[in-house]
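A quick write-up on the structure given underneath.
Keep in mind that the numbers below use all heavy atoms, side chains included, and drop hydrogens, waters and symmetry copies. By convention in this document, chain letters (A, B, ...) are assigned in the order of the sequence lines, proteins followed by strands, and residues within each chain are numbered from 1.
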Protein chains: 2
Amino acid sequence: MIDSKEARAEVVRAADALFYQRGIQAVGMDAVRNAAGISLKRLYSLFPSKDALLVEVLNGRIVEWDEGVLRASSSATTPRAKLLAIYDFLDGWFRQDDFRGCAFINSFGELGAVSPDVAEIARGQKLAFQHYVASLVKELGGSPVLAAQLAILAEGAQTTAAISGRPEAAFHARAAAEVLIANELAP
Amino acid sequence: MIDSKEARAEVVRAADALFYQRGIQAVGMDAVRNAAGISLKRLYSLFPSKDALLVEVLNGRIVEWDEGVLRASSSATTPRAKLLAIYDFLDGWFRQDDFRGCAFINSFGELGAVSPDVAEIARGQKLAFQHYVASLVKELGGSPVLAAQLAILAEGAQTTAAISGRPEAAFHARAAAEVLIANELAP
DNA sequence: TTGCATTGAGAACGGTCGTTCTCTATAGTA
DNA sequence: TACTATAGAGAACGACCGTTCTCAATGCAA
C-alpha cells in the first residue's frame with residue numbers, strides 16, 4: 001500500500017461501514033485495522049486518533065448525502081419535483097438491507113453529549129439540509145415554515161424507518177409533503 | 001437504606017439522568033453508584049447488570065412518555081384536539097433545558113445494533129405511540145396513512161429539536177398536522 | 001457479651017480499548 | 001556487501017469499565 005491517499009480512503013470506507021453497522025464505541029481500532037487490511041502503525045500514521053478518523057468518516061457521509069440528494073433531484077425540473085425527489089431518495093435508501101438510520105442522528109445520540117466535534121458535525125449537516133430544502137421552497141414561492149415542515153418530515157421518516165425497520169415512512173412523508181405544498185400554493 | 005423498592009427507584013432515577021445526559025456507554029457503574037449514593041454491592045444486588053438497569057431505565061421512560069402524552073391530552077375533548085396536544089407536549093419538553101432528544105432514538109442509535117433488548121424496547125415504544133395516534137385518528141375518521149404521517153411529524157420534531165437545539169420544531173410539526181388533518185377531513 | 005448474618009466501602013480482577021513501542025524484514029544507496 | 005531508513009506485524013502499555021471479592025463495621029439473637 002504505497003499511495004497514502006488511497007490508503008486513507010480505504011480506512012475511511014472500512015471505518016464508515018463498521019461504525020454505521022455496529023455503532024462507534026462498539027468498534028475498536030483493531031477491527032478497523034483488520035477491515036482496512038493495514039497495520040496499526042500505518043493506521044495511526046494516517047489518522048492521529050479514532051476521533052479524527054470519525055470526523056473524516058462523518059464528513060464523507062456529508063458528501064455522500066449531498067450527492068445522493070442532488071442525484072435524485074437531477075432528473076426533476078421543477079422545484080416541487082426536486083423537493084419530492086428527496087423522499088424518493090429516502091425510499092431507496094431505506095430499502096437497502098444495511099440501512100440502519102441516519103448516521104448523524106445515530107452518532108449524535110451516541111456521542112453528541114460527550115463530543116463537541118460530533119455534535120457540531122451533526123448540527124451542521126442538518127442545517128445544510130434545511131437550507132437546501134428552504135432554497136427549493138423559496139423558488140417554489142413557499143414559506144420558511146413550509147421548508148421547516150418538509151425537513152421535519154424527512155427527519156421523522158429516517159428515524160421511523162430505522163427503528164421500525166420498515167421503509168414505508170418515506171412514502172408517507174412524501175404524501176404528506178405533497179399535501180403541505182399544495183396547501184400553501186392553493187389560493 | 002432499608003426499603004429496597006425505594007432504593008431501586010433512586011438508582012433508576014440516577015441512572016436515567018446520567019444515561020440521558022451523557023450517553024449510556026459514557027456512564028460507568030461507579031458514576032451511577034455515586035449519584036445514587038449506595039455501594040456497588042448494593043447496586044448489584046438490586047440489578048444484576050448494567051444491561052438490566054438500562055432496561056429498567058428505558059421502561060421507566062416509556063411510562064413517563066405515556067403519562068406525559070395522556071396528561072397533555074386530558075384537557076382536550078375532541079380527538080383532533082388530543083392529537084394536537086401531542087405537539088404541545090413536545091413543545092414543553094423541548095423547552096426544558098436538559099432536553100437532549102428522545103431517549104429511545106438516542107439509545108437505539110448507540111446500542112440498537114449491538115443490543116437486541118435496546119432495539120426491541122425502542123421499537124416497542126415507537127410502535128405503541130403509533131398505535132395511540134392511530135386510535136385517535138380512527139376516532140376522527142382519518143386514514144391509517146394520516147396516522148403514520150402525524151407520528152412521523154412527531155419523530156422528526158424530536159430529532160430536529162435535539163440536534164438543532166431549538167424548540168420551534170414542535171410548533172412547525174403541529175401546524176403541519178393541522179393541515180394534514182384538515183386535508184383528510186375536508187369534503 | 002458472644003456469635004452470626006448482613007452491609008457498606010472500595011480494592012481487586014479480568015477484559016477491552018486506544019495508543020505506542022519493539023523487532024524484524026525489506027528496499028534503496030554507495 | 002554494508003549501512004540506513006522505512007514499514008509491517010502485533011506485543012505491550014496504561015487507562016478504564018463491568019463485575020466480584022475482601023474485610024471490617026453493624027445489628028440482632030440468645
Report for the helix from dT1(C)-dA30(D) to dA30(C)-dT1(D): angle between first-end and last-end helix axes, five pairs each, rounded to 10 degrees.
20°

Selection residues 128-171 of chain B - residue pairs positive for ring-ring contact (aromatic ring centres under 6.0 Å, His included), sequence neighbours left out
Trp65(B)-Phe129(B)

What is the distance, rounded to the nearest whole Å, between atom CZ of Arg33(A) and atom P of dT19(C)?
14 Å

Tell me, please, whether Tyr20(B) has Arg61(B) positioned over its six-membered ring: NZ or CZ under 6.0 Å from the ring centre and within 45 degrees of its axis?
yes

Under a 3.5 Å distance rule, please check whether Ser73(B) uses its side chain to pair with a backbone N or O of Ala76(B) as donor and acceptor.
no

With a 4.0 Å cut-off, would you call Glu139(B) and Lys82(B) a salt bridge?
no

Sidechain N-carboxylate O distance under 4.0 Å for Glu56(B), Arg8(B)
yes

Looking at Asn183(A) and Val179(A), would you say the former's side chain and the latter's main chain have a donor-acceptor pair under 3.5 Å?
no

Measure the spacing between SG of Cys102(B) and CZ of Arg100(B) and express it to the nearest 0.5 Å.
14.5 Å

Atom CD of Gln21(B): over 12 foreign heavy atoms under 6.0 Å:
no

With sugar-phosphate taken as primed atoms, P, OP1 and OP2 and all else as base, the protein-contact string of nucleotides 12-26 of chain D at under 4.0 Å (heavy atoms; B, S, -) is ------SBB------

What integer distance in Å separates Asn34(B):CG from dG8(C):P?
15 Å

Ignoring backbone atoms, test whether Arg42(B) places a side-chain nitrogen or oxygen under 4.0 Å from the OP1 or OP2 oxygen of dT7(C).
no

